[in-house]
Amino acid sequence: MATSSKRQREAIEQLTIPGARDDGDGSAPPSKSPNLGSGRLAGVSSLKQPKRSGLPVLKAVKARSNQDENDGEPNGQKRAGAGKRRGPGVPATRIGIRATSAIPAPAMVSTVVDEPESINGTNGSTTGEPLPAIATVFERAMPSLGLIDEVAKPRRGKAKQFDHKGRLEEQRAVLADLRGLLRRLEEEGKAFQLEAVKLDQAVVLHMSLANQDLARYKESEGVRSDAVTGLQAQVDELKRSLEAALKEKEAFQKQAQEASLKLQEELTAKVTLSTQKSEVASQLEQLRSEHDMRVTVLTTEKTQLASQRDAATAELALVRAQLARKDEDTSGTLQSMREMQAFAMSTNERLTTENKVLAEKLAALESSTKSLEVSSSEALSTIARLTAELEASEAAKADAVAVAKDKTETCAAATAELNESLRVAFAEKEMRQLVNVQLADVQNELKAVYAESHALRTEMQMQSTRHGDEVAKFEARRQELDEARAKAVQAAAAEMEALREANVSLESELHTWKTKWQETQAHQNMVEMAALCEAQREADVLKLRLKEAQMTGVQTMEAKDAAIAELTAKVKEGEALRRKLHNTIQELRGNVRVFARTRPFLPSDGPCTESAIVCDVDGVSMRLKKEKEEVAFTFDRVFSPVTGQDKVFDEVAEFVQSAIDGYQVCLFSYGQTGSGKTHTMQGSGNGHMRGIIPRSIEKIIDECAKNREAGWRYSLQASFLEIYNEVVRDLLAKKEDAGKPLAIKMLEKHGGVTVPDLTTVTINAVRDVEGLMDRASRLRSVASTDMNEQSSRSHSVFTLYLKGVHDEQGVVLEGRLNLVDLAGSERISRSGATGERLKEAQAINKSLSALTDVFNAIALKHSHVPFRNSKLTYLLQSCLSGDGKTLMMVNLSPTIESTGESLCSLRFAHSVNMCELGKAKRQFKKKTDADT
Ligand SMILES: Nc1ncnc2c1ncn2[C@@H]1O[C@H](COP(=O)(O)OP(=O)(O)OP(=O)(O)O)[C@@H](O)[C@H]1O
């Protein structure tokens, strides 16, 4: 404002003509040229200034001109002449118009294009504030108007005093001044043009900066939204799997509860049974003692009866002897009587007297005979009584014998019953053992579910923390950008507001101008209007250009988004292709494929859950933290603790498919004890935690069913063995053969090995395998150690023999899938093994070291590979000597304490990964009669 007033004063001083100076308006000559266009308005507030400074001047001009007109001059054509006549009045008006119209239009344009600078907040102007174009025009025009007014004022006063000549001189001088002014204004116009060009460049520069900012913002927005979407998807995925795991866990808990309820019931039933059994036993005991007592009583009775019988028999014999004696006596007496009768008869006559005596004697004898006969009949009745008694005792004895027989029968029945209950009790015991095995399995499964869900929870927490950080970062960035944008918008709004205000004031000014200038010079007014319209048009064009630029920016961003999406898809495709090519190369080289899997933390690992293993997101590399450094490893596949059984199986499924296609496939899990080998191979339960073995069988059965439609017939056989303390044992053996050592034999025909007496079971359905696994897990050598509650103390080998016959094509495929769950390597000091466990650990470590030697020999391409150094390597010889495909799953524990073991396992796995076994051979042959 102060500058503007100063400029006005300077201009007035410069333009003050000698006549005017004489008028006492100021005596000092102009010291320098006025610089009307050099300054910019300091801000929106300065827009008001021209109104305040210019309008009163215009009003004064108008008032004076009205006054002149009122002095007696008519309007219209006469005015020009009148003006000339009146002297200073007319030139003053002209000067005013010329000075205003001389302001170059491009300068206005240049001030309009100043906008983007302000929008971006990077205004190249010294003040850094907007330049409202039209306001500037008026700002610049106002001093000239004031000047003209000032110039005209004294002249009008003097007009009355000078003559025509003098007035003409004055007019000429004024004209010359005005010409000079016009020239300066033209120069000013050029300067404005130059400035406009510069401002154009600045606009372009700021536009490009704005576009860059916009692009950066869009890009970061895109990255953020991608990351947010990705993270959201991951979180959703994790939530889903957690939910599934929780559901499964609930189901398992339910199953476990049911199982424990069942077990409880069974235990109650068993208790009842054993109570019944003890009751029966006590009854039996009672019966036995009763029976024994009865037997004793009967024996005593029998003995008594026998002694009675003996006594009776003796008595009878005695009586019989007496009777016999008596009979003898009687017959002797009769003989003597007969003799005596003969003697009597012979001597009858002679002994008539004697006959009497003899008759008396005879009568006596007859009475004694009679008494003897009485005693004989008495003896006979005694005998009869005794015989009856004997018969009664015999009957009693028979009764007692019958009772004893009954008792014996009861006893036998009770014994049979007892045997039956014992048999039931044994069956119960077996059942209980089975239930215990199942319960252990369920508990294990529960533990695995818990561990997996815990890992998922941890991962989710980490993800959400990371997500939170990312979101916070993006939020901060967004806020920054929002703030910048808000500032820019604010600045733009202020600018727009200023423009609008300027426009409004311009319009009102214009209106005033129009009204005034219409009266004085329509043509100049038209030029001015044209300039204004031109400026407006240019402003519109610039606005349009800005809009277009924004549109182009948006389009470019959309194109960039599309390009980013395309590139992302290409990266994915590239990754898939890379994996495919990697697999092909590995296959062609016959490399042993190695997958690494880290198990989640378990409650038994203790409170510290800082993992020693970091799995990278690329899915193939990992790092092991060792003190302060990290050792990096790369394998064919790396599974983090949150990877479930299904995902792991998805990756090994192609190997299982190879077995169906007629290859010998060997898949073995290696790692320290408690690192999750059995979990990976066998798993637990029949749900989500099923391992590779049950899933492989399901897949094979499914695939075989599908291939059947194409004319293939399949037969599936399975065997399951363990190598415990260097002894091969059949895990599917009958009870009586359990634990029997089996021999490994070299097959002369194929050069492979076989275990001749191994049980093979035909598999028709998935449920066949469940029974089979139960059978095997009851026989497998498992024990509790400090490192694992259920530690496998043996290497187990599950083999599936597949034979596919295509009758039409006359071909036979013979695939074999060996799924090996190795016993865990262990540091004796950590596992706390002593006694039997120590012996087992030593055998395990020895055979694992033999396996290491075999792989080392293969890796170094030694001519001799020491397969025979252990039962394990001898048994796996055909798989490891190049005919088949081999995959090793290295299992790892995440704990810091296991770092040493993990490093050993990883180094071994790395050396195994380097082994080249040669290209696998398909077991394909022509069908023969033996293959029907
Ligand atoms: N990926 C996993 N997710 C959930 N739980 C797991 C996982 N891996 C292992 N576990 C759990 O860890 C425990 C030990 O695993 P496992 O018995 O399979 O180890 P191992 O390597 O076979 O041990 P050992 O050599 O002593 O037999 C089990 O309770 C198992 O359920």
Side-chain angles (χ1 to χ4, degrees), residues 241-242 244-246 248-249 252 439-459 595-606 609 611 613 615 638-649 651 668-685 687-693 722-724 777 780-796 798 819-828 830-833 837 840-841 843-845 847-848 872 888-895 898 901-902 905:
S241 23
L242 184 68
L246 284 173
E248 215 155 322
K249 195 178 133 192
F252 288 140
L439 197 69
D441 198 33
V442 168
Q443 276 167 348
N444 212 20
E445 192 174 0
L446 241 144
K447 218 194 282 176
V449 169
Y450 172 79
E452 203 173 295
S453 60
H454 186 267
L456 276 169
R457 254 202 307 275
T458 317
E459 179 72 11
F595 290 179
R597 184 182 194 189
T598 309
R599 73 155 165 78
F601 276 96
L602 301 172
S604 54
D605 290 330
T609 51
S611 180
I613 294 161
C615 300
V638 169
F639 301 113
S640 75
V642 289
T643 315
Q645 299 281 65
D646 46 349
K647 295 263 162 59
V648 173
F649 183 71
E651 294 294 332
F668 65 96
S669 57
Y670 178 92
Q672 74 174 104
T673 180
S675 57
K677 299 180 294 295
T678 311
H679 178 78
T680 301
M681 297 310 283
Q682 247 170 270
S684 41
H688 179 67
M689 290 295 162
R690 276 150 37 248
I692 291 174
I693 297 178
E722 72 170 356
I723 303 170
Y724 175 73
S777 55
R780 189 158 182 206
S781 307
V782 173
S784 177
T785 69
D786 287 0
M787 304 277 290
N788 190 2
E789 230 174 79
Q790 288 224 309
S791 179
S792 315
R793 310 308 292 164
S794 63
H795 309 300
S796 79
F798 177 88
L819 301 170
V820 186
D821 176 12
L822 296 177
S825 57
E826 64 188 64
R827 257 195 284 149
I828 312 286
R830 279 194 75 201
S831 66
R837 298 290 89 79
E840 287 164 357
I844 292 166
N845 289 348
S847 60
L848 289 177
L872 177 70
M888 172 175 155
M889 178 75 72
V890 56
N891 287 90
L892 302 157
S893 160
T895 61
S898 303
E901 282 99 334
S902 298
S905 296

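We use all heavy atoms of the structure for the numbers below, so side chains are in, but hydrogens, waters and symmetry mates are not. First listed ligand is number 1; within each ligand, the first listed atom is number 1. Predicted, not measured: the structure shown is a model, and the values here were computed from it.
- A heavy-atom distance below 4.5 Å is found between the side chains of Thr680 and Asn891.
- For Pro641, no nitrogen or oxygen atom sits less than 3.5 Å from a nitrogen or oxygen atom of ligand 1, counting backbone and side chain alike.
- Under the side chain to side chain donor-acceptor pair (under 3.5 Å) criterion, Ser905 pairs with no residue, sequence neighbours left out.
- Residue-to-ligand polar distances place His679 within reach of ligand 1: an N/O pair is separated by less than 3.5 Å.
- The part of Arg597 lying near ligand 1 is the side chain, judged by heavy-atom distances below 4.0 Å.
- Residues Thr678 and Asp821 bring a donor and an acceptor atom of their side chains to less than 3.5 Å of each other.
- Here Leu602 has side-chain heavy atoms under 4.0 Å from ligand 1, and that is the only part of it that gets that close.
- Taking distance alone, with nitrogen or oxygen atoms compared against 3.5 Å, Asp821 stays at or beyond that limit from ligand 1.
- Checking only distances, Pro600 never comes within under 3.5 Å of ligand 1, N or O to N or O.
- Residue Arg599 has no nitrogen or oxygen atom sitting less than 3.5 Å from a nitrogen or oxygen atom of ligand 1, judged on distance alone.
- Nearest-residue assignment for atom 4 (C) of ligand 1 (options Ser604, Gly674, Ala448; heavy-atom criterion): Ala448.
- When only modelled atom types and interatomic distance are considered, His679 and Ser684 share no side-chain donor-acceptor pair under 3.5 Å.
- The N/O atoms of Thr643, backbone and side chain alike, include none that comes under 3.5 Å of an N/O atom in ligand 1.
- Partners of Thr598 by side chain to side chain contact (heavy atoms under 4.5 Å, CB included), not counting sequence neighbours, listed by chain and number: Ile613, Cys615, Met622, Pro641, Leu892, Pro894.
- For the pair Gln672 (side chain) and Glu901 (backbone), a donor-acceptor distance under 3.5 Å is absent.
- The residue among Ser684, Gly683, Gly676, Ala451 with a heavy atom at the shortest distance from atom 15 (O) of ligand 1 is Gly676.
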